[in-house]
Amino acid sequence: MADKLVLIDGNSIAYRAFFALPLLNNDKGIYTNAVYGFTTMLLRILEEDKPDHILVAFDAGKTTFRHKTYEDYKGGRQKTPPELSEQFPVLKELLDAFSIPHYQLEQYEADDIIGTLSQSAEKKGWDVNVISGDKDLLQLVSDHIDVTLTRKGISNVEKYDPAFLADKMGIRPDQVIDLKALMGDNSDNIPGVPGVGEKTAVKLLKQFDTLENLYENITEVKGKLKEKLENHKDDAFMSKQLVTIKRDSPVTIGLEDLTYEGYSNRGVSNIFKDLGFQSLLGRVDGSDQQAEEAAEELPEIEVEHVTELTDEVFTGTEAIYVEMLHENYHHAEIEGITIVNKDKKYFIPVDAAAESDVFCEWAKNARKRKWVFDAKRTVVALLRKGIHLKGVEFDLLLASYLINPSENNHDIPSIAHRMGETSVQYDEEVYGRGAKIKRPDVEKLAEHMARKATLLYKLKDKVEEQLKANHQLELYHDLEMPLALILGEMEHRGVQVDVERLKDMGEELRSRLKEIEEQVYELAGETFNLNSPKQLGPILFEKLGLPVIKKTKTGYSTSADVLEQLEDKHEIIPKLLIYRQLGKLQSTYIEGLLKVVDNDTHKIHTRFNQALTQTGRLSSTDPNLQNIPIRLEEGRKIRQAFIPSKPGWVMFASDYSQIELRVLAHIAQDEKLIAAFKEGRDIHTQTAMEVFKVEAEAVTGEMRRHAKAVNFGIVYGISEYGLSQSLSITRKEAKEFIDRYLESYPGVKVYMEETVRDAKQTGFVTTFMNRKRFLPDLTSRNFNRRNAAERTAMNTPIQGSAADIIKKAMIDLHHRLDEEKLEANLLLQVHDELILEAPEEEIEQLKKIVPDVMENTVELDVPLKVDSSYGPTWYDAK
DNA sequence: CCTGAATACG
DNA sequence: GACTGCGTATTCAGGA
């Protein structure tokens, strides 16, 4: 096989990576985002392309030979930000660690180096892959030279060969130069012919083939275009000269210098550690060996293995850590328990603990203080063994989440490493990952667990200080910690499921799906995998000739909103929509739920993730019980399978009405919005009256629908485009709506502006209860990122404060049910509603108590409104 | 084993 | 001119 050479345009890729990734700096305070992005791309190239030769080419200095032709070459270009320039030396160090050659040449650009070397390589019969973000490089494409361009960001790439280029742009590689000569390039300050864009240029080239030929036959061009071409003939030819990549630049490096023989794992992982690229460590080979080495560097630790427990083990305050090697603590086997206090470290087999009165008494004594990581996980797991853990006073997981929800690794070793404690290995290093997870010998296990438990001790004061500085102690102690225990109870209790009902629905769906499937094949004239958009696309848009509405990066979009627009164009479309709808029900909600129902009890135990969302909401997994269908009747029937756990009981549900808009009214202190809610008016009608300037009687259904969309949009941090899409109106009309909305509710307008301004100052936004969210992208130079961050700044205090409120309501309700000695139990929380099960006799009381608690858990300047309902199944609680 | 498209919820 | 509404989870196909 031919040798493979990869040539990377270093500046271009670093530049792309820099703007694609948030401006993160590592613990040493140096910016690393460009280096990081470059590295992920490099690792992928090495893994996928497996090159025999490689080079990273860089631009040299400020001036190039092109400046002699044209002084203003690359003029007007923004100066490279210093945050990026400072990363180039680091990048070169990193390449050295990878043993990858890099090269630059005075007076020449990376393009010319690549152009020259790719020519020589091609002559030798090598296959070349050029990697860049710059379309100019496409002129190098040939039978043996592919050019891979980054699209959005850096992970998203497109590989061009001559055929793909022809398909995509309609031109040959050598015409790329003529194309650029005509259309110019703003970023390099290449003039081209003003008024000629890509479309016109391609058209001209299709007709005339080359720039030279175009001007020879200029008489064939008509009108304004001809005039423009003639007036800027010189510009066009100079531009052509500028964009032509030199294929004979005087490089002092040869193909023989580009041989790549792999890198030293040790060197690369050291530089990764140095730069703080923890997540990439797993991608360099030999991590086993590395783990061993890391383990050897750990300080000695002495763990006492005990099976007979005595009171002396417990000092009054201990860290307790319960290990499970699998995520789902409702089923995972407990590997052991570690107790660490200021004196000693103990490892206790779980059965020894469960059988020990001393241990169980200690556990359930709330006056004995316990420090843990993930109280909910710990408590639920121990409960399965009959151990009731009480007196939890510190939860490192929740503390870490509150300090910065955007950190995505809230495990003990990651938190510790962030805080400068390296005395622990990552779980993956000790236990392995994914399918390779395995229990180490008990000595190793005990040591690793003890190290983690010890860190609870070490980190407690630090994180609590930080919570205090953030004014988050109340949020932590009075909201999240008590909530964790309530959620634990809910999860452990589970929800009863009517398995037979689910199976019956599944049977019916199965036959209906089969029927539709056959009809679709009939209409398509062939069979294919109906679940594959990739296979469906060509059938719809090529074979059946339906109009293409939207494309995805991998092909035609066949999403529901596209299909809906094609609904009357072909009989097959409605069938597809129904197939999708029913297929989702079958696979996710029938089969998916049946898989996780406990065979003995017929209950489902979800897990609520309390330390995940960026806004403070909960999420639910394994299964997700927060997205059980409701909007369409077909799907809603799934809820008939969720039933009370005892005969004579009912499902009882209470939900907040428009909590987010009410929260908005309160924080924005908008008088009109507040008044509307105080007077109990229909808020969407009210908005319609304001926006359309009409009386209540004159509000049509259409007007109300539009007003409703605007209200939603406002909560999400509206954009004209977003609103225009959701209402299928023009952007101009959408803008009109938004402007009129903000005129009508001036308080909201001020709130939106102030929130974004303050957030830019401080770098974060907060909620009612001082939940924090950092938004580094607010200062991004990337338009899209910045805009998205601004919308997030507007939305998070609203969504997050609503989350605070319902969480507090859950705690209050839990107390209240206790006080009132009711048997009713909380089962689920779905963002703005609570689902309980209760004896029928309690219905009348609950109808008062639950809304009472939810409505009064906080006092806002607007009333909170709660609607309740109940019935024999969840479906009926509507 | 991971990613992207699609679809479910608030 | 940027190509776009906020927050989630699961399933399937398809490519390493």
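Everything numeric in this text was worked out from a predicted model, so none of it was measured. Below, read A as the first sequence line, B as the second, and so on, with proteins coming before strands; counting in each chain starts at 1. Because only heavy atoms are used, hydrogens play no part in the values below, and waters and symmetry mates are left out as well, while side chains stay in.
Residues A/Met651 and A/Thr873 share a closest heavy-atom pair of CG-C, 3.6 Å.
For A/Lys534 and C/dC12, the shortest distance from a side-chain N or O to OP1 or OP2 is not below 4.0 Å. OP1 or OP2 of C/dG14 sits under 4.0 Å from a side-chain N or O of A/Gln535. Between A/Thr558 and B/dA6 there is a side-chain polar atom (N or O) within less than 4.0 angstrom of OP1 or OP2. Taking 4.0 angstrom as the limit, A/Ser587 places none of its side-chain polar atoms (N or O) nearer than this to OP1 or OP2 of C/dT10. In this model, the phosphate group of C/dG7 is not approached by any side-chain N or O of A/Arg617 to a distance below 4.0 Å at OP1 or OP2. A/Arg631 has a side-chain polar atom (N or O) that falls below the 4.0 Å cut-off from OP1 or OP2 of B/dG10. The phosphate of C/dG7 has OP1 or OP2 within less than 4.0 Å of a side-chain N or O from A/Arg773. For A/Ser557, no side-chain nitrogen or oxygen approaches OP1 or OP2 of B/dA5 to under 4.0 Å. Close to C/dC3, at under 4.0 Å from its OP1 or OP2, lies a side-chain N or O of A/Asn784. A close approach under 4.0 Å does not occur between any side-chain nitrogen or oxygen of A/Asn624 and OP1 or OP2 of C/dT10. Taking side-chain N and O atoms only, A/Arg580 has no distance below 4.0 Å to OP1 or OP2 of B/dA6. The phosphate of B/dA5 (OP1 or OP2) has a side-chain N or O of A/Thr554 nearer than 4.0 angstrom. Remark: A/Thr613 is not in phosphate contact with C/dG7, judged by side-chain N or O atoms under 4.0 Å from OP1 or OP2. The phosphate of C/dC6 (OP1 or OP2) has no side-chain N or O of A/Thr792 nearer than 4.0 angstrom.
As a whole-Å value, the separation of A/Leu577 CG from B/dA8 C1' is 15 Å. As a whole-Å value, the separation of A/Leu582 CG from B/dA6 P is 18 Å.
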Given the rule in the side-chain contact (heavy atoms from CB on, under 4.5 Å) test, do A/Tyr329 and A/Arg607 qualify, once you have shown the distances and angles that lead to the verdict?
-> CA-CA 9 Å; A/Tyr329 48 81; A/Arg607 280 172 297 140; 3.4 Å; yes
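Proximity note for A/Thr552 (side chain, C-beta onward) versus C/dC6, B/dA5, C/dC12: the nearest is B/dA5. Among the nucleotides C/dA2, B/dA6, B/dA8, the one closest to the side chain of A/Pro629 is B/dA8. Distance from the side chain of A/Glu591 is smallest to C/dC12 among C/dC3, C/dC12, C/dG7. Counting only heavy atoms from C-beta on, A/His831 has its side chain closest to C/dG7 among C/dG7, C/dT4, B/dT7.
Residue A/Gln626 places no side-chain atom within donor-acceptor reach of the base of B/dC9, judged by atom type and a 3.5 Å distance cut-off alone. Judged by distance alone with a 3.5 Å cut-off, no donor-acceptor contact links the side chain of A/Lys584 to the base of C/dT11.
Taking atom P in both C/dC3 and B/dA8, the straight-line distance is 28 Å, to the nearest Å. Going from the C1' atom of B/dT7 to that of C/dA2 covers 29 Å, rounded to whole Å.
In this pair, A/Tyr716 does not lay its aromatic ring on the base of C/dG5; centres under 5.5 Å and planes under 30 degrees do not both hold.
Toward the 5' end of DNA chain C, the nearer of the two residues A/Ala709 and A/Asn627, judged by each one's closest nucleotide, is A/Ala709.
Residues A/Asn770 and A/Leu402 are not in side-chain contact: their nearest non-hydrogen atoms beyond the backbone lie 4.5 Å or more apart.
Other residues, nucleotides and ligands place more than 12 heavy atoms under 6.0 Å from the CD atom of A/Glu542.
Remark: side-chain polar atoms of A/Glu429 are paired, donor with acceptor, to backbone N or O of A/Tyr426 under 3.5 angstrom.
No salt bridge links A/Glu517 with A/Lys575; every basic N to acidic carboxylate O contact stays at or beyond 4.0 Å.
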